[in-house]
Amino acid sequence: MKDSFWDLVLAGLALLLLFGDGIPQLPISPTKPDAAIYVYEKDDGSVPPAVAAALDKLKRQGMAAEPFEEDTPDEGGAVPEQYIIALEAARKEGLPCLVIAAGEHVVRTVKDPRTEEAVLEAAK
Amino acid sequence: MDTFQRINPALIDQPLDPSLLTRGHSGYPEELQAKDTLDALKAAAGEATRDFPSRLWIEEKDRADRARDNDKYHTWGINYVDRFTNQTPTHECTCHALRTCAEACRNKQIGIIYPKGPVRDFRYEESGKYGSVWLSPLSVYAEANPGQWGGAGCVQVLNIACRRGFLPEKIQPRDYKFKHQLQGTTGKGGLNQSSGSWVRLGNFPEGWEETGKLFKPQEVIFTDNWEEALCLLLHGYVLEYGRSGHAIPPAIWNMADMAAGYVDSYDTVRWDSLSTFKRAVSMGAFAIASMTTPDNWLDPAGTLAV
């Protein structure tokens with residue numbers, strides 16, 4: 001029993017050493033959203049005021065939260081890099097569409113959200 | 001903001017104080033206004049030109065509800081304007097109005113709302129935190145009127161902006177490390193606007209075109225129908241039109257008095273009555289619907305390791 005205990009201690013120390021600085025990194029949740037992009041086509045309507053207000057709230061909480069009009073280019077005429085993933089996901093669902101992402105991973109999409117609550121809930 | 005509250009009548013159709021002007025106008029004399037037809041404005045925007053999309057039409061019976069939503073959620077165009085400018089005593093009005101349209105459009109794209117709109121002698125922390133960029137009206141005006149005095153037409157300045165964009169001005173809410181910047185005005189300026197001496201286009205910082213293209217209108221919606229213009233305001237766009245010797249950017253609509261509020265380039269908000277609004281729009285008005293979008297709002301020139 002005692003030997004097993006010390007075996008475990010030694011194994012734990014070995015793991016700590018393997019991480020180099022001895023401090024293990026906790027894995028980042030792959031599904032914790034960090035972006036909420038409302039993709040729309042302005043010819044079909046504008047961003048609903050409630051949605052705009054929700055995006056503002058999320059932005060102030062630290063998310064990348066913006067409306068993106070699908071035809072808006074960067075200075076070279078291309079889709080801005082920060083919106084490529086959201087645009088692709090939104091077009092699959094049909095616009096307007098809220099795309100919630102965690103890094104490059106699309107967590108969920110919500111077709112045509114209209115309320116502040118719908119956006120905030122989706123971004124949780 | 002409560003757009004169902006009456007406005008102080010003294011602020012509606014208020015003429016400009018003559019002490020602010022040079023040669024009796026702010027930069028939009030009649031001879032230039034006469035050239036600003038709707039067709040000429042559309043031609044000026046080139047590939048960026050867009051007609052009013054029919055789906056942006058709001059039926060009259062629904063406009064009050066939309067206005068209430070804008071009041072509740074702070075989503076008028078003015079809620080995307082984070083600063084005043086001051087052109088006193090120059091003739092730069094068309095360019096100050098245009099920068100308001102452009103900056104509001106960018107801030108709307110960034111997604112940050114300023115519930116009180118622009119506040120005189122005040123800088124929002126959010127402006128720097130979320131990537132607002134302040135554009136130089138002089139960077140457009142210097143090309144529109146190489147003679148400095150006499151003003152410019154809306155057609156001229158819109159064409160210049162759509163062709164090669166604005167330069168950012170020397171005062172910014174954060175350090176973007178722009179390679180090229182220009183003073184905002186040769187006029188009074190203020191806390192959030194740099195003032196400096198006149199500069200000819202040929203003396204712009206070398207290579208300035210590279211930075212200018214980062215701040216270009218991409219889509220511009222045109223109309224000469226006052227109800228379409230009202231719908232654009234209800235959708236949170238900022239307009240530009242010229243009338244009575246002055247070009248202005250209407251950015252909010254008051255439902256009680258049926259008046260258009262504009263961010264005047266004299267550190268204040270003033271109002272056009274419905275009749276003035278109708279007359280002005282009938283000659284041609286526009287709203288910038290989208291601006292060049294960077295890969296990173298906090299590093300629009302790609303010069304930072306953010």
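Chain letters run A, B, ... following the sequence lines, proteins first and then strands; every chain starts at 1.
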Interchain contact, B/Leu56 with chain A, by part (heavy-atom threshold 4.5 Å): side chain
Using only the distance criterion (under 3.5 Å, no hydrogens considered), which donor-acceptor pairs connect chain A with chain B?
residue: A/Lys42; atom: NZ; partner: B/Glu219; partner atom: OE2; Å: 2.8
residue: A/Ser46; atom: OG; partner: B/Arg66; partner atom: NH2; Å: 3.2
residue: A/Ser46; atom: OG; partner: B/His235; partner atom: ND1; Å: 2.5
residue: A/Asp56; atom: OD1; partner: B/Ile113; partner atom: N; Å: 2.8
residue: A/Lys59; atom: NZ; partner: B/Ile110; partner atom: O; Å: 3.0
residue: A/Arg60; atom: NH1; partner: B/Glu126; partner atom: OE2; Å: 2.8
residue: A/Arg60; atom: NH2; partner: B/Ile113; partner atom: O; Å: 2.7
residue: A/Pro73; atom: O; partner: B/Thr293; partner atom: N; Å: 2.9
residue: A/Glu81; atom: N; partner: B/Asp295; partner atom: OD1; Å: 2.7
residue: A/Gln82; atom: NE2; partner: B/Pro294; partner atom: O; Å: 2.7
residue: A/Tyr83; atom: OH; partner: B/Trp297; partner atom: NE1; Å: 2.8

Please report the closest heavy-atom contact between B/Gly111 and A/Pro67, naming both atoms and the distance. CA-CD, 4.0 Å
Which atom pair, heavy atoms only, marks the closest approach of B/Pro294 to A/Pro80? O-CB, 3.7 Å
Tell me, for A/Ala50 versus chain B, whether the close heavy atoms (under 4.5 Å) come from the side chain, the backbone, both or neither. both
